[in-house]
Amino acid sequence: MSRVYKLKGQSAAPRVPEVEIDFAAELNPEQLAAVTAPPGQSLVIAGAGSGKTRTLTYRVAYLLKNAVAPENILLLTFTNKAAREMLERVEDLLPQQTAGLWSGTFHSICNRILRRHAESAGLSRSFTILDSDDQKALLTKVIKEGNIARQVEADTGEKFPKAPVILGLISLAANTRRPLKEIIGKEFSPDPEFVAGITKTAHLYDEKKRKANSVDFDDLLIRTLDLFRTNPQVLSQYQYQFQFILVDEYQDTNRLQSELIDALAGQHGNVMVVGDDAQSIYSWRGADFKNIIEFPQRHAGAQVFRIETNYRSLPGILALANEAIRPNVKQFPKNLKASRPDSGQKPVTVPLQTPQEQASFVAQRMRELHEEEGIPWNEMAVLYRAHFQSMEVQLQLTSEGLPFQVTSGLKFFELAHIKDFSAFLKFAVNPRDEAAFDRIVQLLPGVGAAGAAKIWTAWLNAEPARTGLPPKSYSAVFSKIKVSAKADKDWQQLGWTMDEIVDEEGKLRDPMAVMTSIFEGVYERYMRVTFDNFESRRQDLEQFMRFGGRFTGVGEMLSELSLLSGPEAAESAVPAADQGQESITLSSVHQAKGLEWRVVFVIWLTDAMFPNLRAVESGGEGGMEEERRLFYVAVTRARDQLYLTWPRLWPKAYTGDTWQMPSRFLETLPRWSVEEWRIGR
């Protein structure tokens with residue numbers, strides 16, 4: 001650390017009582033080595049549950065204790081909560097000594113810099129930041145004013161994407177520093193007219209933001225980096241000020257964030273990045289795994305510290321975690337060691353016959369753990385690769401009255417696209433269902449509440465509404481109802497699709513046939529241009545269709561859905577958090593990162609589901625390695641007990657029951673690392 005040199009004759013600052021910290025006593029040897037590292041470039045690989053936050057906190061305290069001024073320290077985090085937590089911990093260690101320290105998210109720090117140098121960045125200091133709703137409204141206005149959608153649709157015959165989809169493409173391009181045209185071609189459509197239309201939309205959106213003296217969240221980073229590159233004196237000012245830069249969760253940084261860090265540290269090189277390459281799981285939103293894995297190559301002479309003592313999990317869980325990540329080629333090898341004594345308990349693998357049986361096992365075992373071992377509901381979690389995989393568990397917990405909350409999204413049957421799809425089914429069963437009709441019609445282009453009301457009035461005069469029975473030809477009835485020119489094509493398609501759901505006798509077909517027609521005829525296309533997470537929503541609907549396959553009639557299926565979401569279910573199950581009671585957590589693995597529970601169930605561990613087949617196909621070997629890291633994150637959430645389950649049979653929407661193989665992640669685990677359970681019949 002640098003030598004302290006005192007100037008004579010300077011008035012002394014108010015004396016702060018000296019606080020002694022015994023770093024060697026407070027930290028384990030691995031943490032201590034990182035905390036007391038000399039100036040320079042450092043990469044700290046902090047394994048799951050190893051005290052990463054503690055290490056960063058004590059590093060800041062160590063710098064302050066060695067006469068580094070607070071204003072010369074920059075601490076970058078990914079959430080404001082993390083920044084506050086670390087700052088509070090430092091203040092607990094060194095009261096009154098953190099004033100002036102710069103701590104916050106990338107966006108908050110960049111906002112602070114831009115406010116100071118707004119004019120140089122082409123803004124005024126009063127610039128406003130657009131939230132997601134503002135962005136959608138502004139981009140929608142751009143599309144309308146530029147007549148872009150109408151023109152592209154006329155040229156291509158394809159629907160132009162809605163604002164959220166285009167915003168997702170623009171953001172991904174910005175954060176990965178890839179050309180927008182490349183992103184459009186890969187993520188959406190290579191059609192030249194489509195590419196040109198979206199590119200024009202992005203350009204006009206940028207112009208509109210500039211005229212409005214507004215920025216979105218990506219602009220905060222982009223404009224700060226542009227400011228540094230066009231104003232070397234401004235960059236030099238912050239390079240001089242931030243003598244020590246610390247970065248949390250470095251494995252989650254994207255290319256844009258990495259460039260900002262490198263720019264700020266370009267003069268002195270005193271940057272410490274902390275993270276875990278084995279928990280890099282966000283490439284789908286722009287995070288660049290190469291940032292952490294190639295840090296030593298990009299920064300010659302950088303020190304690499306490994307923190308491998310885990311304070312969270314029992315030894316058996318860590319032994320499995322170490323084996324789970326071992327096959328990855330691109331990684332910093334590490335071996336998590338437990339600080340807790342060995343109880344002899346191993347993680348459990350449980351093959352089940354069907355998804356329903358898997359859900360029954362999870363619910364029954366949770367009830368046993370709660371009633372017999374006294375484990376609170378909120379100390380148990382069910383984790384899965386994709387949200388739709390939680391459906392059977394949600395149904396089972398609801399039917400048994402067990403309290404749960406879903407942190408990976410809304411309850412399955414409350415999702416917008418599930419409710420949309422249900423509306424088609426309700427209208428098919430009951431042509432007098434005004435609420436269902438309104439929801440369907442307002443999916444048509446340019447149809448709002450007023451337009452839907454007019455169409456409903458016309459529908460009431462049609463025979464199906466009078467008789468309450470589905471017509472033999474919906475398209476014939478629809479053709480007599482006038483809609484706007486903008487909605488006419490989709491209205492006709494809806495009629496043709498509805499024709500497919502009734503048989504020659506005018507009776508509704510079975511639920512699977514009805515849902516397949518609706519999905520392929522109208523709703524898949526609508527989803528693709530409306531939602532920025534089309535793929536996950538499509539999987540939700542496929543799961544919903546599999547659920548429908550259990551029933552002989554659409555009416556029977558809807559009745560079951562109503563009972564599952566009725567007042568009795570609401571009182572006994574979710575939302576437990578709203579009732580102030582403990583609740584089981586249901587979460588995707590992505591959203592569970594950073595959390596922990598005493599008991600964790602990881603479900604749907606089949607070779608098509610986890611690893612996710614599409615992620616592997618699109619990402620190649622890199623995709624497989626990220627899927628393995630995701631599995632590693634899942635198993636390291638558990639403190640005491642870990643259950644790994646999968647259903648052997650999968651009722652598929654189109655092809656019937658499919659035999660499933662257990663996940664290759666399970667297949668590569670040594671037999672000694674798990675205890676195998678079999679379900680008695």
Side-chain angles (χ1 to χ4, degrees), residues 127-175 180-181 183-184 187-189 191 193-220 222-223 285-286 415-417 419-420 423 438-455 483-491 493-494 522-537:
F127 72 81
T128 52
I129 302 172
L130 304 172
D131 62 22
S132 58
D133 288 338
D134 296 332
Q135 288 180 268
K136 290 174 190 174
L138 192 62
L139 195 73
T140 301
K141 192 173 183 181
V142 164
I143 295 170
K144 185 176 181 180
E145 289 178 352
N147 200 31
I148 298 170
R150 188 183 297 273
Q151 186 174 341
V152 171
E153 288 170 3
D155 291 340
T156 65
E158 293 294 327
K159 282 290 181 185
F160 194 68
K162 300 285 187 183
V165 177
I166 298 177
L167 286 169
L169 298 173
I170 294 171
S171 182
L172 185 60
N175 287 294
L180 178 59
K181 290 181 180 179
I183 299 291
I184 299 167
E187 302 290 332
F188 207 85
S189 169
D191 187 295
E193 297 294 334
F194 238 82
V195 174
I198 296 175
T199 304
K200 180 181 179 182
T201 301
H203 175 70
L204 294 175
Y205 171 63
D206 195 51
E207 279 190 352
K208 208 157 191 77
K209 286 185 293 180
R210 289 180 184 274
K211 288 178 182 177
N213 192 38
S214 299
V215 298
D216 58 28
F217 280 93
D218 292 331
D219 291 330
L220 292 173
I222 294 168
R223 290 207 167 201
R285 69 182 187 194
L415 296 167
H417 49 297
K419 294 181 77 171
D420 286 346
D438 277 355
R439 190 174 186 106
I440 294 168
V441 172
Q442 289 189 58
L443 300 179
L444 299 173
V447 176
K454 290 180 181 178
I455 299 172
V483 298
S484 68
K486 190 174 183 180
D488 186 60
K489 183 178 177 181
D490 292 81
W491 179 243
Q493 180 61 46
L494 176 61
V522 290
Y523 200 69
E524 181 181 22
R525 185 174 172 221
Y526 170 82
M527 278 204 310
R528 187 179 291 278
V529 298
T530 303
F531 302 117
D532 60 348
N533 55 347
F534 162 75
E535 192 57 44
S536 65
R537 291 178 189 255

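P161 and I198 make their closest contact through CG-CD1, 4.1 Å (heavy atoms, listed as atom of the first residue, atom of the second, distance). Here the shortest heavy-atom pairing between P445 and S484 reads O-OG, 4.4 Å. Between L180 and A173, the closest heavy-atom pair is CA-CB, 3.9 Å. Nearest heavy-atom pair across V142 and T201 is CG1-O, 3.8 Å. When all heavy atoms of V447 and A452 are compared, the closest pair comes out as CG1-N, 3.7 Å. Counting all heavy atoms, side chain and backbone alike, L494 lies closest to I440 at CD2-CG2, 3.8 Å.
Taking the side chain as every heavy atom from C-beta outward, N213 and T128 never approach each other to under 4.5 Å. Q151 is not listed as a side-chain neighbour of E193, based on a closest heavy-atom distance of 4.5 Å or more. Taking 4.5 Å as the limit, every side-chain heavy atom of I129 sits out of range of all side-chain heavy atoms of D216. Side-chain contact between I143 and L204: absent, with no pair of heavy atoms (C-beta onward) separated by less than 4.5 Å. Side chains of V165 and V529 form no contact here, defined as non-hydrogen atoms less than 4.5 Å apart.
Proximity of the aromatic rings of F534 and F531 is defined here by a centroid distance below 6.0 angstrom, and this criterion is not met.
With sequence neighbours excluded, no residue forms a ring-ring contact (aromatic ring centres under 6.0 Å, His included) with Y205.
Using the six-membered ring where Trp is involved, F160 and F194 have ring planes that are tilted, between 30° and 60° apart.
Taking CD1 of I222 as the start and CZ of F217 as the end, the distance is 13.5 Å to the nearest 0.5 Å.
By the 6.0 Å contact criterion, CD on E535 is enclosed, its count of non-hydrogen atoms from other residues, nucleotides or ligands being greater than 12. The number of heavy atoms from other shown groups lying within 6.0 Å of NZ (K162) does not exceed 12.
For the pair S171 (side chain) and L167 (backbone), a donor-acceptor distance under 3.5 Å is absent. Panel note: side chain T140, backbone L138; no donor-acceptor pair is recorded below 3.5 Å. Of the possible polar contacts, none joining the D206 side chain to the H203 backbone as a donor-acceptor pair under 3.5 Å is found. Within the 3.5 Å criterion, the main-chain N or O of A487 finds no donor-acceptor partner in the side chain of D490.
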> Does the side chain to side chain contact (heavy atoms under 4.5 Å, CB included) test come out yes or no for D218 and N175, once each step is laid out?
Replying inline: CA-CA 7 Å; D218 292 331; N175 287 294; 3.1 Å; yes
> Given the rule in the side chain to side chain contact (heavy atoms under 4.5 Å, CB included) test, do D219 and K209 qualify, once you have shown the distances and angles that lead to the verdict?
Replying inline: CA-CA 10 Å; D219 291 330; K209 286 185 293 180; 2.7 Å; yes
